[in-house]
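Letters go in sequence order (proteins before strands), and every chain restarts at 1. Only heavy atoms go into these numbers, but all of them, side chains included; no hydrogens, no water, no symmetry mates.
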Amino acid sequence: MQEKYTPKDIEQAAQAHWQSTQSFRAVEDPTKPKYYCLSMFPYPSGKLHMGHVRNYTIGDVLTRHYKMRGYNVLQPMGWDAFGLPAENAAIQNKVPPAQWTYDNIAYMKQQLQSLGFAIDWQRELATCRPEYYRWNQWLFLRMLEKGIAYKKTQVVNWDPVDQTVLANEQVIDGRGWRTGAIVEKREIPGYYLGITQYADQLLSALDALPGWPERVKTMQANWIGKSYGVRFAFPYELDGKRDLLWVFTTRADTIMGVTFCAVAAEHPLATRAARDNAKLAAFVEECKRGSVMEADMATMEKKGMPTGIFVEHPLTGAKVEVWVGNYVLMGYGEGAVMAVPAHDERDFAFAKKYSLAIKQVIDVPGKAYSLDAWQEWYADKQNGVCVNSGRYDDLDYQQAVAAIAADLKAKALGDMQVQFRLRDWGISRQRYWGCPIPLIHCESCGTVPVPDAQLPVVLPEDCVPDGSGNPLLKRPDFLNCTCPQCGKPARRETDTMDTFVDSSWYYARYCSNDAQAMLDGRAAYWMPVDQYIGGIEHAILHLLYSRFWTKVMRDLGLLETDEPFANLLTQGMVLNHIFSRRTDKGGIEYFAPEEVDLVRDDAGHVTGATLKADGSAVDYGGIGTMSKSKRNGVDPQALIEQYGADTARFFMMFASPPEQTLEWSDSGVEGAYRFLKRLWAFGATLKAANTGAAPSPLRREIHLLLKQANYDLGKFQFNTVASAAMKMLNALEKAPADPHAREGFSILLRLLSPITPHVCHELWRALDYGADILAAPWPEPLEEALVQDEIELVLQVNGKTRGSVRVPAGADKAAIETAAVASEAARKFMEGKPAKKVVVVPGRLINIVV
RNA sequence: GCCGGGAUGGCGGAAUCGGUAGACGCAGCGGACUCAAAAUCCGCCGCCGCAAGGUGUGAGGGUUCGAGUCCCUCUCCCGGCACCA
């Protein structure tokens with residue numbers, strides 16, 4: 001074998017071998033245990049970035065590891081190909097989103113292939129292909145039949161200048177990204193999926209997912225947000241009609257402290273009151289400006305205005321004024337809330353601001369209530385009892401809620417109710433590059449589903465969006481159709497589906513990507529996914545929607561599994577610096593890190609940057625996830641070309657544990673490359689050397705490292721597996737003539753092969769260990785190699801490390817104590833005082849307390 | 001604002017159950033080889049100190065023979081907040 005490590009040749013040869021032997025083709029085989037290893041598919045944004053390399057290397061390490069452990073492994077790959085960036089690119093370059101997307105897929109596929117991932121490419125899919133998305137449409141129609149899909153109004157960001165709906169991302173400080181116009185909230189009709197019908201299942205099934213990280217389960221549980229409360233009504237009379245204002249509260253025990261109610265700007269009462277109150281009408285209009293994002297709603301200044309309309313307190317009959325509040329959302333619950341300023345922080349602030357009454361109705365013994373400032377205990381459910389609440393005085397939270405709910409029920413004005421924070425999933429998008437919603441609008445028949453036989457409704461691929469609304473509206477060939485019911489001319493729905501629909505079931509489609517049905521029997525073999533790997537940013541939405549979709553598919557008899565992903569590994573984000581500048585229209589323009597020079601303060605912290613092109617200043621936006629839109633992704637191509645795929649993979653795994661956030665830096669790549677060069681060189685040395693030296697501690701060292709590495713592998717801690725491999729090589733280089741050097745190197749190659757498969761593949765053959773390292777058994781440490789007769793214990797005096805003591809491996813506590821106290825280090829630091837206490841931790845340390 | 005995470009040398013990180021803090025690397029420094037450089041190899045490397053020793057895991061407090069690890073309070077950073085994916 002040649003002396004020099006030449007990654008390019010080695011990697012091409014290994015990849016050619018895998019290709020010709022179809023090494024990663026996965027075929028259903030009921031006689032073998034299956035392992036379905038899936039990494040979240042990428043959005044084809046143009047180029048891979050380091051976050052992808054991290055994600056897919058983790059998946060590949062597991063895939064290759066399980067393969068060597070004898071599992072029938074499936075690792076597929078595909079493309080989350082619909083979405084907004086393709087439309088943005090079209091606006092910029094006047095290229096159809098379809099063409100841009102397919103070009104990107106071709107380039108990124110070649111990048112993935114050059115990284116040597118063990119992917120079964122025959123199962124590749126792209127969600128923008130009709131043969132995929134026809135099943136989105138098909139399942140949507142089934143949901144429509146079952147009442148899971150339905151139509152209602154939705155609130156969207158409306159750009160009044162471009163006359164178009166904006167994504168949240170396109171709203172910057174309340175203004176449209178291209179026009180700079182103040183964005184308005186607008187209500188339009190849309191389709192929803194009734195995920196709340198599955199809320200209880202989605203919540204309780206979390207307990208049946210031991211392979212999921214606790215933090216993700218906690219986030220999902222909080223998102224679903226099951227709460228027990230009371231839904232009740234304030235009666236009122238308006239325009240000669242009796243009516244009810246409904247609200248929901250988890251704090252019915254504070255109902256006697258209600259001093260006003262607040263409704264959303266879109267609430268019928270607000271609309272009615274604004275009719276003959278110009279100031280209020282203006283305020284309602286003001287509330288309708290700004291974005292619909294929850295983060296904006298939660299941080300904006302809370303404002304309100306009285307309507308002059310009064311409702312009756314359902315228990316006391318007292319008059320309660322209705323206010324319009326900009327923080328009350330029509331889409332949540334009833335669009336109205338009761339306000340108890342004494343015991344709700346937001347209501348407290350609001351009441352102080354507008355000098356509204358604050359009535360204390362909860363008391364915690366030993367605490368003094370004061371109107372001066374909000375105190376945490378005002379909202380305490382655990383320790384409070386009712387006061388100033390008439391017949392409910394002295395009741396605790398649970399007793400008070402029960403009594404009040406019973407009284408409301410007796411008056412037919414309310415009852416206990418379980419409520420979820422989770423809202424139904426609005427899937428309509430007023431955008432072109434997505435899956436068409438399969439509906440037809442007929443003047444005489446109304447909205448009619450497209451018959452199954454006419455699926456898929458194919459999206460024309462030659463449109464070029466220009467930013468002013470959905471280009472499908474200008475396509476008569478798409479728009480015009482005949483009503484399936486009456487045969488008259490009709491109009492096709494132009495809204496497309498949220499791209500989360502596409503990614504909610506792709507994992508199942510991989511099992512049978514050529515099936516003539518949505519899924520076939522092969523899904524029963526492979527599902528559920530045994531290991532799912534993806535970014536922590538998907539902890540809630542994507543994973544929740546996928547779980548929901550799986551349950552719907554199960555209920556339709558398409559799948560047997562209740563949950564799509566048995567085990568989940570949430571990879572930390574790969575971060576990089578963000579540089580931007582405001583455009584004159586109020587939008588944001590981003591700059592890639594290589595386009596700027598950094599400005600640092602004395603402590604070395606980045607404070608700003610200047611553009612290399614013209615020296616002008618740009619804003620420093622801190623660090624954040626690598627993404628196409630922020631232009632801060634780092635393309636692995638240069639790394640691969642300079643050092644090879646193995647170095648890129650090794651470096652990425654060595655840099656940090658997978659779940660941890662990683663701030664990008666390429667310092668250390670050299671070290672990874674150096675290691676692989678040494679690995680290669682040692683292979684050459686070993687092939688030439690004769691192994692005649694006397695046995696050294698090498699064998700024990702290797703097996704000890706292997707034991708640790710296998711343990712770490714089980715914890716997905718690949719950085720220490722890589723480090724164990726480095727330590728093995730360090731040990732081997734010191735003893736190349738040891739009789740166990742060949743055994744040790746074979747362990748090292750197998751341990752390392754999932755991380756750096758190419759170089760290990762080549763070395764395995766070159767040293768005649770076998771024909772294909774993929775077929776080699778995974779190495780296990782041998783107990784006989786691990787035994788030792790003497791062990792070293794740490795010696796502490798008063799908790800401070802003072803030295804060590806060597807004792808026979810089988811020594812008992814008393815013998816260890818005697819040896820410790822007698823040791824020179826102990827005598828020195830005990831300063832002649834007697835030992836008050838001696839703590840012996842077996843196999844680890846002795847602590848002498850004097 | 002709310003929910004979930006994180007913080008350890010100049011840098012990335014290690015420390016499995018509360019038991020030697022800094023493994024393994026990067027950078028740096030010194031040396032060998034070389035006409036020279038690169039590559040490679042050997043050694044040093046938290047901070048203070050000549051040393052003995054002291055001190056040190058974001059900040060402050062606590063529990064313990066012993067705390068990076070457990071408890072309380074706080075700061076900063078990252079992810080998510082339903083139309084980025």
Side-chain angles (χ1 to χ4, degrees), chain A residues 40 42-43 45 80 82-85 88 154 156-157 165-171 213-216 218-223 225 292-300 331 345-346 422-431 498-500 503 535-542 544-545 570 572-573 575 604 622-625 627-630 651 654-657 659-663 665-672 674-675 677-678 681 708 711-712 715 717 719-720 722-727 730 792-796 798-804 836-839 841 844-849:
Chain A
M40 290 179 187
Y43 177 79
S45 55
D80 188 13
F82 275 137
L84 202 55
N88 294 341
Q154 52 180 348
V156 296
N157 300 304
V165 175
L166 298 180
N168 283 337
E169 191 187 51
Q170 298 171 317
V171 179
E214 276 313 314
R215 59 169 165 161
V216 175
T218 305
M219 280 191 264
Q220 293 221 342
N222 290 342
W223 184 262
V292 301
M293 281 182 270
E294 192 192 292
D296 290 343
M297 303 295 292
T299 50
M300 72 186 176
E345 190 168 6
R346 190 174 59 188
L422 179 68
R423 308 198 300 261
D424 276 345
W425 175 13
I427 58 157
S428 293
R429 298 291 179 269
Q430 295 67 43
R431 268 185 260 296
D498 179 7
T499 56
F500 274 125
S503 55
I536 184 68
E537 81 272 28
H538 293 296
I540 296 175
L541 293 179
H542 162 61
L544 194 66
Y545 292 147
T570 45
M573 302 284 83
L575 312 179
I623 51 172
T625 310
S627 73
K628 169 97 182 163
S629 61
K630 297 202 171 90
F651 173 65
F654 183 65
S656 82
E659 303 218 284
Q660 198 165 302
T661 299
L662 176 64
E663 206 176 313
S665 157
D666 62 4
S667 74
V669 173
E670 285 283 349
R674 210 171 289 157
F675 167 68
K677 280 196 285 190
R678 274 169 52 208
Q708 181 66 49
Y711 176 85
D712 291 348
K715 288 196 305 176
Q717 198 171 297
N719 56 326
T720 51
S723 144
M726 288 176 137
K727 290 180 192 174
N730 289 347
E792 190 170 279
L793 299 176
V794 169
L795 176 69
Q796 294 186 338
N798 286 338
K800 292 194 180 197
T801 303
R802 297 300 186 185
S804 62
K836 246 190 270 178
K837 182 174 174 184
V838 180
V839 183
V841 183
R844 285 213 171 252
L845 64 62
I846 310 139
N847 187 13
I848 303 169
V849 186

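G9(B) and G68(B) have their C1' atoms separated by 14 Å, given to the nearest Å. Comparing the C1' positions of C17(B) and A27(B) gives a spacing of 36 Å, expressed to the nearest Å.
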Close N or O pairs between protein and nucleotides 13-22 of chain B (under 3.5 Å):
| unit_1 | atom_1 | unit_2 | atom_2 | d |
| --- | --- | --- | --- | --- |
| G13(B) | OP1 | Q660(A) | NE2 | 3.1 |
| G13(B) | O3' | N719(A) | ND2 | 3.1 |
| A14(B) | OP1 | N719(A) | ND2 | 2.9 |
| A15(B) | OP1 | Q717(A) | NE2 | 2.9 |
| U16(B) | O2 | Y711(A) | OH | 2.9 |
| U16(B) | O4 | Q708(A) | OE1 | 2.1 |
| G19(B) | N2 | Q796(A) | OE1 | 3.4 |
| G19(B) | N2 | N847(A) | ND2 | 3.4 |

Check: protein-nucleotides 53-55 of chain B nitrogen or oxygen pairs below 3.5 Å:
| unit_1 | atom_1 | unit_2 | atom_2 | d |
| --- | --- | --- | --- | --- |
| G53(B) | OP1 | K828(A) | NZ | 3.0 |
| G54(B) | OP1 | R802(A) | NH2 | 3.3 |
| G54(B) | OP2 | R802(A) | NH1 | 3.3 |
| U55(B) | OP2 | K800(A) | NZ | 3.0 |

Strictly under 3.5 Å: I want the nitrogen or oxygen pairs between protein and nucleotides 68-71 of chain B, one per line.
none

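Contact between the side-chain N/O atoms of T499(A) and the OP1/OP2 oxygens of A85(B) is found at a separation under 4.0 Å. Taking side-chain N and O atoms only, R674(A) has a distance below 4.0 Å to OP1 or OP2 of A27(B).
S627(A) comes within 4.0 angstrom of nothing in the nucleic acid, heavy atoms only. Counting any heavy atom pair closer than 4.0 Å across all strands shown, H538(A) reaches a base atom. At a threshold of 4.0 angstrom between heavy atoms, the contacts of K677(A) are confined to the sugar-phosphate backbone, with no base atom among them. If you check every strand for non-hydrogen atoms under 4.0 Å, R678(A) touches sugar and phosphate atoms only.
With I536(A) as reference, M219(A) is the one residue of E659(A), Q660(A), M219(A) to meet the side chain to side chain contact (heavy atoms under 4.5 Å, CB included) rule.
Regarding L575(A), its CG atom lies at a distance of 6 Å from the P atom of G79(B), rounded to whole Å. In this entry the distance linking CG of N157(A) with C1' of A82(B) reads 12 Å, nearest Å.
Listed by chain and residue number, S667(A) satisfy the side-chain contact (heavy atoms from CB on, under 4.5 Å) test with S665(A) (two or more places apart in sequence, or in another chain). With sequence neighbours excluded, the residues forming a ring-ring contact (aromatic ring centres under 6.0 Å, His included) with F500(A) are Y545(A), listed by chain and number.
To the nearest 0.5 Å, the span separating CG on L575(A) from CD1 on I623(A) amounts to 5.0 Å.
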Watson-Crick and G-U pairing of RNA chain B written in dot-bracket, each distance under 3.5 angstrom, with | for inter-strand partners: (((((((..(((......[....))).(((((.......))))).(((....)))..(((((..]....))))))))))))....
